[in-house]
Amino acid sequence: MEIIIVDDCSTDDSRELIERYMNDIAADTRNYASYYNEQTDTIERIIHTRYPQQGREIKVLFNEKNLGSTATYNRGFRATTGKYCSFVSSDDMCHPQMYSTLVRPLEEDEADFVYADMFVVDDTHQILREFKLPDYSFKKCFCDWYLCGVATLYRRDLHERFGFYDESSDADDHECYLRFAMNGARFVHIPKTLYDHRSHDDRQVGLHAPEQFDKLLDASKELVLKARKHLLK
C-alpha cells in the first residue's frame, strides 16, 4: 500500500497534524490483554506498533503555493509507483476493506476501473443516506449522468495512456473517467458500500460554493452531451 499525502498550503493546522501523524507511525504503540499468569496473578499484555510497519509506504508532499484541487490531485498521481491508484478527499473516509475488495477484479483482469457504493455522512459521521450506484454501462454511467462515484480504484497506466486530470476542467474526475471510458477502459461496479463521502450542504465554500458548484454542474452537462454523441457513433 502506497499512501501519498499532498497538502495544498492548508491554512489550518493540517501540516502540524500530518507531521505528528508521520512521527506516530514509527513510534506509537498499543497493547492488548493476551494471557493470565496464575503464578503471578497478572494479566500479561502484548505491546505492538499501532500502524503496520511492513507493506506500506507513506510519502508527504507540501505544495509551495496553492495549486487548487485538480493540480494537487495530479501531483499526487504523478508521484505514484504502484499498479493501481485512486484519490481520497481529505474529509472523506475509506472503509477498512475498500481497497482489498476493489482490487480483486483488477488482479483477475476483469476490469481496468472499479467503483463501489458509498454513504453520505455529516460532520459527526452520522449517515445521511446510502448512495447506490448502477452496475456499469456507458449509457447509465456517462450518458444518463455521471454515476461512477468516488469510491474507485483503477490501473495507473490509464493515466500514462490517456493523460491525467484536465486542469482546465470544472468537472475534473468526470472528464478524466469519461476519457478513460471513451478509450476502451473496462469498468466494473462492486455493489458494496465501502466509502463515506462527507456532505457539504451546510458549508458552501470552495468547490461547493454556489457559483462554483453551478460551474461544475454546467461542465458535467457538457460532458454528458459529449458521451451521448460518442454513443451514437
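Along the sequence shown, residues are numbered consecutively beginning with 1.
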**Study point:** Inter-residue atom distance Thr193.OG1 - His95.NE2, 0.5 Å rounding
**Key:** 7.5 Å
Check your understanding: With a 4.5 Å heavy-atom cut-off, do Tyr165 and Thr72 have their side chains touching?
Key -> no
Exercise for review: Side-chain contact test, heavy atoms from C-beta onward, threshold under 4.5 Å: evaluate it for Gln212 versus Lys215 and give yes or no.
Suggested key: yes
Exercise for review: Kindly state whether the ring of Tyr115 and the ring of His189 have centres lying under 6.0 angstrom apart.
Suggested key: yes
Review point. What's the spacing between Arg50 CZ and Asp28 CG if we round to 0.5 Å?
Key: 5.5 Å
Revision key, fill the gap. Closest heavy-atom pair, Ala185 versus Leu158, reported as atoms and distance to 0.1 Å, is CB-CD2, 4.1 Å
Practice item. Could I get the full list of side-chain hydrogen bond (donor to acceptor under 3.5 Å, both in side chains) partners for Thr152, not counting sequence neighbours? Key: Ser86
Review point. Would you call Arg20 and Glu16 a salt bridge, using N to O less than 4.0 angstrom?
Key: no
Exercise for review: Write out all pairs satisfying salt bridge (charged side-chain N to carboxylate O under 4.0 Å, His left out) with one or both partners inside residues 151-166, taking only residues at least two apart or from two chains.
Suggested key: Asp109-Arg155, Asp112-Arg155, Arg156-Glu160
Exercise for review: Treat each ILVMFWY residue as a node, draw an edge where side-chain heavy atoms are under 4.5 Å apart, and state whether Tyr73 and Ile58 are in one component.
Suggested key: yes
Review point. Crowded around Ile43 CD1? As in, over 12 foreign heavy atoms under 6.0 Å?
Key: no
Check your understanding: Do Phe180 and Cys148 come within less than 4.5 Å of each other through their side chains, counting heavy atoms only?
Key -> no
Review point. Hey, mind stepping through Ile190 and Val114 against side-chain contact (heavy atoms from CB on, under 4.5 Å) and telling me if it holds?
Key: CA-CA 7 Å; Ile190 300 292; Val114 185; 3.5 Å; yes
Practice item. For the pair Asp91 (side chain) and Arg198 (backbone), establish whether a donor and an acceptor sit closer than 3.5 Å, ignoring hydrogens and angles. Key: no
Review point. For the residue pair Leu133 and Ala116, what are the closest heavy atoms and their distance?
Key: CD1-O, 3.2 Å
**Study point:** Student check: side-chain heavy atoms of Ser199 and Asp122 closer than 4.5 Å
**Key:** no
Point to revise | Stepwise side-chain contact (heavy atoms from CB on, under 4.5 Å) test for Ile3 and Lys59 | key: CA-CA 6 Å; Ile3 301 170; Lys59 303 175 185 177; over 6 Å; no
Check your understanding: Just how far is it from atom CG of Asn74 to atom CZ of Phe87, taken to the nearest 0.5 Å?
Key -> 10.5 Å
**Study point:** Derivation of the salt bridge (charged side-chain N to carboxylate O under 4.0 Å, His left out) call for Glu2 and Arg56
**Key:** CA-CA 6 Å; Glu2 179 184 57; Arg56 182 168 71 169; over 6 Å; no
**Study point:** Centroid separation Tyr51 to Tyr21 less than 6.0 Å
**Key:** yes
Review point. So, the side chain of Asn23 versus the backbone of Ala26: is there a donor-acceptor pair under 3.5 Å, distance only?
Key: no
Check your understanding: Taking the side chain from Asn37 and the backbone from Thr40, do they hold a donor-acceptor pair closer than 3.5 Å?
Key -> yes
Check your understanding: Out of curiosity, Cys143 SG to Leu231 CG, how far, rounded to the nearest 0.5 Å?
Key -> 4.5 Å
Practice item. Applying side-chain contact (heavy atoms from CB on, under 4.5 Å), run through Asp117 and Leu194 and close with a yes or a no. Key: CA-CA 6 Å; Asp117 304 330; Leu194 299 172; over 6 Å; no
Check your understanding: Atom CD1 in Ile5, atom CD1 in Ile18: separation rounded to 0.5 Å?
Key -> 5.5 Å
Check your understanding: Met98 and Lys192: side-chain contact (heavy atoms from CB on, under 4.5 Å), yes or no, with the steps?
Key -> CA-CA 9 Å; Met98 175 176 147; Lys192 294 183 178 180; over 6 Å; no
**Study point:** Residues Glu19 and Arg15 bridged, charged N to O under 4.0 Å
**Key:** yes
Exercise for review: Could you state whether Tyr35 and Ile47 fall into the same hydrophobic cluster, counting links through intermediate Ile, Leu, Val, Met, Phe, Trp or Tyr residues with side-chain heavy atoms under 4.5 angstrom apart?
Suggested key: no
Exercise for review: Check the pair Glu110, Arg104 against salt bridge (charged side-chain N to carboxylate O under 4.0 Å, His left out), reporting the backbone distance first and the verdict last.
Suggested key: CA-CA 9 Å; Glu110 297 172 355; Arg104 289 172 189 164; over 6 Å; no
**Study point:** hydrophobic_cluster_shared for Leu102 and Ile4, side chain cutoff 4.5 Å
**Key:** no
Check your understanding: Have Asp172 and Ser169 got a donor and an acceptor in their side chains that come within less than 3.5 Å?
Key -> no
Review point. Just how far is it from atom CZ of Arg30 to atom NE2 of His48, taken to the nearest 0.5 Å?
Key: 8.5 Å
Exercise for review: Would you mind reporting whether Met93 and His125 have side-chain heavy atoms less than 4.5 Å apart?
Suggested key: yes
Revision key, fill the gap. Applied to residues 218-233, the salt bridge (charged side-chain N to carboxylate O under 4.0 Å, His left out) test, sequence neighbours excluded, yields Asp218-Lys221
**Study point:** Heavy-atom side-chain contact between Tyr146 and Tyr177 under 4.5 Å
**Key:** yes
Check your understanding: Distance under 6.0 Å and angle within 45° of the ring axis: does Arg78 meet both against Phe164?
Key -> yes
Study note, to complete from the structure: Tightest non-hydrogen contact, residues Cys141 and Asp135, listed as SG-O, 4.4 Å
Point to revise | Glu130 CD: over 12 foreign heavy atoms closer than 6.0 Å | key: yes
Point to revise | Least distance between heavy atoms, Ala227 atom then Leu178 atom | key: CB-CD1, 3.9 Å
Review point. Can you check whether Tyr195 and Phe119 have ring centres sitting under 6.0 Å from each other?
Key: no
Review point. How about His230 and Phe142: are their ring centres within less than 6.0 Å of each other?
Key: no
Practice item. Treating Ile, Leu, Val, Met, Phe, Trp and Tyr as nodes and any side-chain heavy-atom pair under 4.5 angstrom as an edge, say whether Phe131 and Leu217 lie in one connected cluster. Key: yes
Review point. Taking a hydrophobic cluster as the set of Ile, Leu, Val, Met, Phe, Trp and Tyr residues connected by side-chain heavy atoms closer than 4.5 Å, whether directly or through intermediates, do Val88 and Leu106 fall within one such cluster?
Key: yes
Practice item. I would like to know whether Tyr36 and Asp41 meet side-chain hydrogen bond (donor to acceptor under 3.5 Å, both in side chains); could you show each step before the answer? Key: CA-CA 7 Å; Tyr36 171 58; Asp41 191 29; 2.9 Å; yes
Practice item. Check whether any side-chain heavy atom of Phe162 lies under 4.5 Å from a side-chain heavy atom of Cys176, and answer yes or no. Key: no
Check your understanding: Between Phe113 and Tyr136, is the gap from one ring center to the other below 6.0 Å?
Key -> no
Study note, to complete from the structure: When every non-hydrogen atom of Lys140 is compared with those of Pro134, the smallest separation belongs to CD-CB, 4.1 Å
Review point. So do the side chains of Asp92 and Asp196 get within less than 4.5 Å of each other, counting heavy atoms only?
Key: no
Review point. Does Asn66 use its side chain to pair, donor to acceptor, with the backbone of Asp8 at less than 3.5 Å?
Key: yes
Point to revise | Flag, side chain of Thr80 to backbone of Phe77, donor-acceptor distance under 3.5 Å | key: yes
Point to revise | CA sep, side-chain torsions, deciding dist, call: Tyr154, Tyr84, ring-ring contact (aromatic ring centres under 6.0 Å, His included) | key: CA-CA 5 Å; Tyr154 55 89; Tyr84 313 116; 9.5 Å; no
Practice item. Kindly give the heavy-atom pair with the smallest separation between Gln97 and Thr101, and that separation in Å. Key: O-OG1, 2.7 Å
